[in-house]
K.L.:
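Dumping the structure here so I can ask a few things about it.
Reckoned from all heavy atoms, side chains included, excluding hydrogens, waters and symmetry mates. Atoms within a ligand are numbered from 1 in the order they appear, just like the ligands themselves.
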Amino acid sequence: MNVLVINCGSSSLKYQVINSDTEEVLAKGLCERIGIDGRLVYQPNGGEKEITDAAMPTHTEAVRMVLDALVNPKTGVLKSLNEIDAVGHRIVHGGEAFAETTLIDEKVIAAVEECTDLAPLHNPANLIGVRACQEVLPGVPMVGVFDTAFHQTMPKEAYLYGIPYEYYEKYKVRKYGFHGTSHSYVSKKAAEILGKPYDSLKTIVCHLGNGASVCAVDKGRSVDTSMGLSPLEGLVMGTRSGDIDPSAMEFIAKKENLDMAGILNVLNKESGVYGLSGVSSDFRDLEKAAFSGNDRAMTARKVFVHSVLKYIGGYAASMNGVDVICFTAGLGENDGLIRQMICDNLEYLGIHIDGEANKVRGEEKIISTPDSKVTVMVVPTNEELAICRETVEIIRKK
Ligand code: ADP
């Protein structure tokens, strides 16, 4: 089965075509600057990357261009569009309505629209992608894979905020969590690599990218995660503040003469390690600056590590133990120094890191020593493959 995996943003659209039998990526790329001018990046497996500038007034033209590239007689990877058996869409917020991957129909679209309040930037863009694909690929089944779904197993004590209960009842204000597809994929993969039953392990997954979150997975179920109602809560991230005393927002708003939207803009886009360092949101730039004597860059790295440590410690406590800790995403997979800095403070859990193994970048590897009480691993995430697998599962059940 060939699955077109779509991750649609407001002005961009990332795609992959995956053969689900071999799990080979036949082609991948993205459309950028949709609604502005338009650029298609297309790369067939084993081939050169092609970049084409072309008008993309809406996502429909973008999807059309992707499909044209896929069936292009010279560089395409499909003979015809009939070879696309299903489309798997990443959808950011499924609210409480979606605890599982779902076949998309009009009812599902309406339910996702109802969650728009909770993800005003993401959900409308995701749905535009769905509509564009429906228009261009009529009759091809579409499946929605939700970032929040994996976390719907969290118990009430983990997802409720300590605010009047009516706000949960009336407005569904609660912790939802994100990166669910990644946390689920990585925790499952770790069990597979270790040859242990998924439902026998207590795992903590650290998804450390530009957006970052930690998840506690107990016996294959998400029981807590660091992101909340929105992806702003939790760890200090590239440009997001993570946890902050809400009173600080009122204080800053008054001093800087900002309204709530202005404050949220600062917390989402101008904070995190970028705001702390004044250098960059990218940890590679921070490392360079820190080791050239930039104190603020060094401090930003330490603040980040401290925030990860607090969540790992918190989840080891709330699960009453931990068997496996996984590092994933851009930073988690590639930055051995940050991993070392985190694990240096986990000796109390009996964790010991093998310095040589920890040099790994972007590969599955156990980085703890054999006598470490907790197994620490690098497990590269693959959200597209996870979306492809879930899509196929739903189609086969149909
Ligand atoms: P997102 O998908 O949230 O945009 P990624 O998972 O791609 O983020 O991670 C991006 C971050 O990963 C970068 O900001 C950078 O800090 C870090 N990163 C990526 N590659 C490396 C590397 N080779 N060494 C250190 N850090 C890296």
K.L.:
So if I count the atoms of ligand 1 from 1 in the order they appear, which ones are less than 4.0 Å from some heavy atom of F283?
P.N.:
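So the answer, numbered in order with elements, is 15 (C), 16 (O).
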K.L.:
How would you list all residue pairs meeting ring pair (Phe, Tyr, Trp, His ring centres under 6.0 Å) that involve residues 265-298, not counting sequence neighbours?
P.N.:
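The answer is F283-F304.
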K.L.:
Under 3.5 Å, is there a donor-acceptor pair linking the side chains of T381 and Y185?
P.N.:
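Absent: no donor and acceptor within the cut-off.
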K.L.:
Can E393 and R389 be counted as an ion pair, charged N to O under 4.0 angstrom?
P.N.:
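Salt bridge absent between E393 and R389.
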K.L.:
Among all protein non-hydrogen atoms, which one is nearest to atom 13 (C) of ligand 1, and what is the separation to 0.1 Å?
P.N.:
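Ranking protein heavy atoms by distance from atom 13 (C) of ligand 1, first comes D282 OD2, 3.7 Å.
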K.L.:
Below the 3.5 angstrom mark, is there an N/O of L208, backbone or side chain, next to an N/O of ligand 1?
P.N.:
no
K.L.:
Testing the 3.5 Å rule here: is there a donor-acceptor pair between the side chains of S213 and H183?
P.N.:
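The criterion, which ignores hydrogens and geometry beyond distance, is satisfied for H183 and S213.
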K.L.:
Nearest protein heavy atom to atom 6 (O) of ligand 1, by residue and atom, and its distance?
P.N.:
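Minimum-distance protein heavy atom for atom 6 (O) of ligand 1 reads G330 N, 2.9 Å.
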K.L.:
Got the closest protein heavy atom to atom 4 (O) of ligand 1, with its distance?
P.N.:
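The answer is N210 CB, 3.4 Å.
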K.L.:
Could you tell me whether the side chain of S187 reaches within less than 4.5 Å of the side chain of F150, counting heavy atoms only?
P.N.:
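Yes, side chains in contact.
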K.L.:
If we count only N and O atoms by modelled type, under 3.5 Å, do the side chains of D282 and S280 hold a donor and an acceptor together?
P.N.:
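No, S280 and D282 have no side-chain donor paired with an acceptor closer than 3.5 Å.
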K.L.:
Looking only at protein heavy atoms, which one is nearest to atom 26 (N) of ligand 1, and how far off is it?
P.N.:
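Answer, as residue, atom name and distance: R284 CG, 3.7 Å.
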K.L.:
Starting from atom 22 (C) of ligand 1, find the nearest protein heavy-atom neighbour and note its residue, name and distance.
P.N.:
N334 CB, 3.3 Å
K.L.:
Checking T58 against E61: is there a side-chain donor and acceptor pair closer than 3.5 Å?
P.N.:
yes
K.L.:
Distance alone, cut at 3.5 Å: any donor-acceptor contact between the side chains of H151 and S222?
P.N.:
yes
K.L.:
Could you list which atoms of ligand 1 come closer than 4.0 Å to a heavy atom of G209?
P.N.:
5 (P), 6 (O), 8 (O), 9 (O)
K.L.:
May I ask whether atom 2 (O) of ligand 1 is less than 4.0 Å from at least one protein heavy atom?
P.N.:
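It does not: no protein heavy atom is found less than 4.0 Å away from atom 2 (O) of ligand 1.
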K.L.:
Does any N or O atom in R361 lie less than 3.5 angstrom from one in ligand 1, N or O only?
P.N.:
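R361 vs ligand 1: N/O contact under 3.5 Å present.
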K.L.:
Please state whether G238 comes within less than 4.0 angstrom of ligand 1, counting heavy atoms only.
P.N.:
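Contact check G238 vs ligand 1: negative.
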